[in-house]
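Written out below as structure tokens is the structure these notes cover.
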Amino acid sequence: MGHYVDRFLTSLAGFARHVAREFTQPVWGNYVYAMLVVSALVFALELTFPWRKDQPRIRRDFWLDAFYLVFNFLLFPLLGFQALAVVVDLVASDVRQWMGLDERGILSVVRWPAWAQILALFVARDFVHYWIHRLLHRVPTLWRFHQLHHSVEQMGFAAHFRFHFVESVLYRTLEYLPLGLLGFSVQNFFVMHLVAITIGHLNHANLRIPLGPLRFLFNSAEMHIWHHAKELPAEPSSTRHGANFGLSLSCWDWIFGTVHWPQTEALGTASGRDAQLGFPGDETFPRSSSLGKSVWQQWWAPFR
Ligand SMILES: [Zn+2]
Ligand SMILES: [Zn+2]
């Protein structure tokens with residue numbers, strides 16, 4: 001137990017130093033600047049080529065989502081969550097030892113070339129995320145935390161980071177254990193995180209990028225908007241608990257039959273562009289004219 005506490009405290013101080021360095025030294029591999037650049041680029045794209053042309057440029061809850069972006073990306077990790085994630089990583093490594101595996105894990109991933117490690121981790125992690133996301137919709141207690149992400153009424157890139165901080169804890173704890181046992185280290189793959197953040201931003205942006213056949217592999221705004229639709233038109237492929245759960249990749253939805261991609265012969269693909277967003281019962285979800293009050297009430301809502 002002591003070594004978990006030690007690791008927590010040293011990681012807390014180490015991460016604070018790391019973030020301070022990131023602010024003062026804008027170099028390649030720097031998360032803070034990467035997030036700024038990706039956000040600015042996707043925002044510029046959605047302003048220049050808006051999918052919903054009548055949506056205001058500064059859409060409803062834009063500043064609320066800007067706050068959630070800064071909080072969930074930077075402040076929550078700084079407040080100790082990053083250190084907690086390192087401890088979960090340590091637990092995974094202890095379980096690995098206890099199972100008689102060395103640090104290379106089941107797949108000996110560290111022996112692979114760097115590009116193969118990054119690619120495999122990207123796919124494996126997205127697969128785990130797909131199932132965690134389904135769990136968030138399936139288990140009533142978890143759904144109460146996930147409602148915050150589904151309270152978006154007008155969609156834009158920053159809505160990507162509108163989620164309850166408890167979701168961060170759930171995702172990290174549930175992903176580190178299986179991935180750690182396989183031998184992956186989730187910590188240090190800058191390129192993978194950068195790609196995942198970019199795709200996540202694009203999935204929420206007011207921007208339609210036609211993917212053609214690549215839609216069977218990659219998620220998109222056109223697909224993810226249906227995940228946020230208040231009412232999903234009934235069809236055999238959508239489950240009672242929703243559809244299009246994939247994060248970066250869409251293939252899991254196609255494979256496991258949770259896809260919603262409506263087709264009409266005349267129109268090609270029926271667009272979700274103007275779908276009403278939200279969830280049944282969102283009328284009572286806390287919203288306030290004051291940003292601070294909204295955040296506080298929305299964080300507290302699942303515990304009531
Ligand atoms: Zn969801
Ligand atoms: Zn979303």
Side-chain angles (χ1 to χ4, degrees), residues 38-39 42-43 46 51-52 55 59-62 64-69 71-73 125-171 174-175 195-209 211 215 218-233 237-250 252-253 256-261 272-282 285 298 301-302:
V38 170
S39 299
V42 178
F43 190 35
E46 72 173 9
W51 186 22
R52 291 169 294 277
Q55 182 170 302
R59 64 186 167 81
R60 197 173 309 145
D61 291 337
F62 178 89
L64 180 73
D65 290 340
F67 167 80
Y68 277 122
L69 192 143
F71 181 84
N72 283 324
F73 181 73
R125 186 168 173 259
D126 201 66
F127 176 72
V128 175
H129 284 185
Y130 166 83
W131 287 103
I132 298 174
H133 191 188
R134 284 192 68 173
L135 213 60
L136 291 176
H137 280 258
R138 193 65 185 259
V139 178
T141 315
L142 301 184
W143 167 241
R144 290 175 66 82
F145 287 100
H146 191 49
Q147 279 176 347
L148 176 53
H149 183 63
H150 282 266
S151 67
V152 177
E153 292 167 295
Q154 284 180 342
M155 195 56 87
F157 79 94
H160 176 203
F161 272 80
R162 188 195 296 191
F163 54 81
H164 200 289
F165 58 84
V166 166
E167 278 200 32
S168 294
V169 180
L170 280 166
Y171 271 98
L174 292 175
E175 82 183 1
V195 172
I197 288 174
T198 309
I199 297 179
H201 270 27
L202 289 172
N203 291 343
H204 292 85
N206 181 17
L207 180 73
R208 179 180 172 265
I209 303 176
L211 290 184
R215 71 177 186 277
F218 291 105
N219 200 356
S220 61
E222 202 176 357
M223 187 167 186
H224 193 64
I225 198 96
W226 287 115
H227 180 69
H228 282 265
K230 187 159 182 168
E231 274 176 60
L232 204 62
S237 57
S238 54
T239 71
R240 192 163 59 87
H241 300 279
N244 301 357
F245 297 98
L247 283 96
S248 294
L249 301 176
S250 65
W252 316 123
D253 286 298
F256 298 106
T258 50
V259 78
H260 180 74
W261 190 278
R273 191 188 66 183
D274 301 313
Q276 194 195 348
L277 309 183
F279 57 91
D282 62 358
F285 191 78
Q298 291 172 354

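For reference, positions follow the sequence shown, starting with 1. Note that ligands are numbered from 1 as they come in the structure, with each ligand's atoms numbered from 1 the same way. Note that the structure is predicted; figures quoted are calculated from it, not measured.
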Is there a side-chain contact between His137 and Trp143 (heavy atoms, below 4.5 Å)?
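Side-chain contact under 4.5 Å: yes.
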Is the shortest heavy-atom distance from the side chain of Phe161 to the side chain of Asp65 under 4.5 Å?
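Heavy-atom side-chain distance check fails, nothing below 4.5 Å.
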Does any donor atom in the side chain of Arg215 or Ser220 lie under 3.5 Å from an acceptor atom in the other side chain?
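Per modelled atom types, Arg215 and Ser220 side chains form no pair under 3.5 Å.
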For the residue pair Asn219 and Ser250, confirm or rule out a side-chain donor-acceptor distance under 3.5 Å.
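Per modelled atom types, Asn219 and Ser250 side chains form no pair under 3.5 Å.
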With side-chain hydrogen bond (donor to acceptor under 3.5 Å, both in side chains) as the criterion, how do His260 and His227 come out once you've worked through the C-alpha distance, each side chain's angles and the decisive distance to 0.1 Å?
CA-CA 8 Å; His260 180 74; His227 180 69; over 6 Å; no
Angle at the Zn ion (ligand 2) between NE2 of His224 and NE2 of His204, to 10°?
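His224 NE2 and His204 NE2 form an angle of 90° at the Zn ion (ligand 2).
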Ring pair (Phe, Tyr, Trp, His ring centres under 6.0 Å) partners for Phe256, two or more places apart:
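By the ring pair (Phe, Tyr, Trp, His ring centres under 6.0 Å) rule, Phe256 matches Tyr130, Trp131.
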How about the Zn ion (ligand 1), which protein N, O or S atoms come within less than 2.8 Å?
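Hits for the Zn ion (ligand 1) below 2.8 Å: His133 NE2, His137 NE2, His146 NE2, His150 NE2, His227 NE2.
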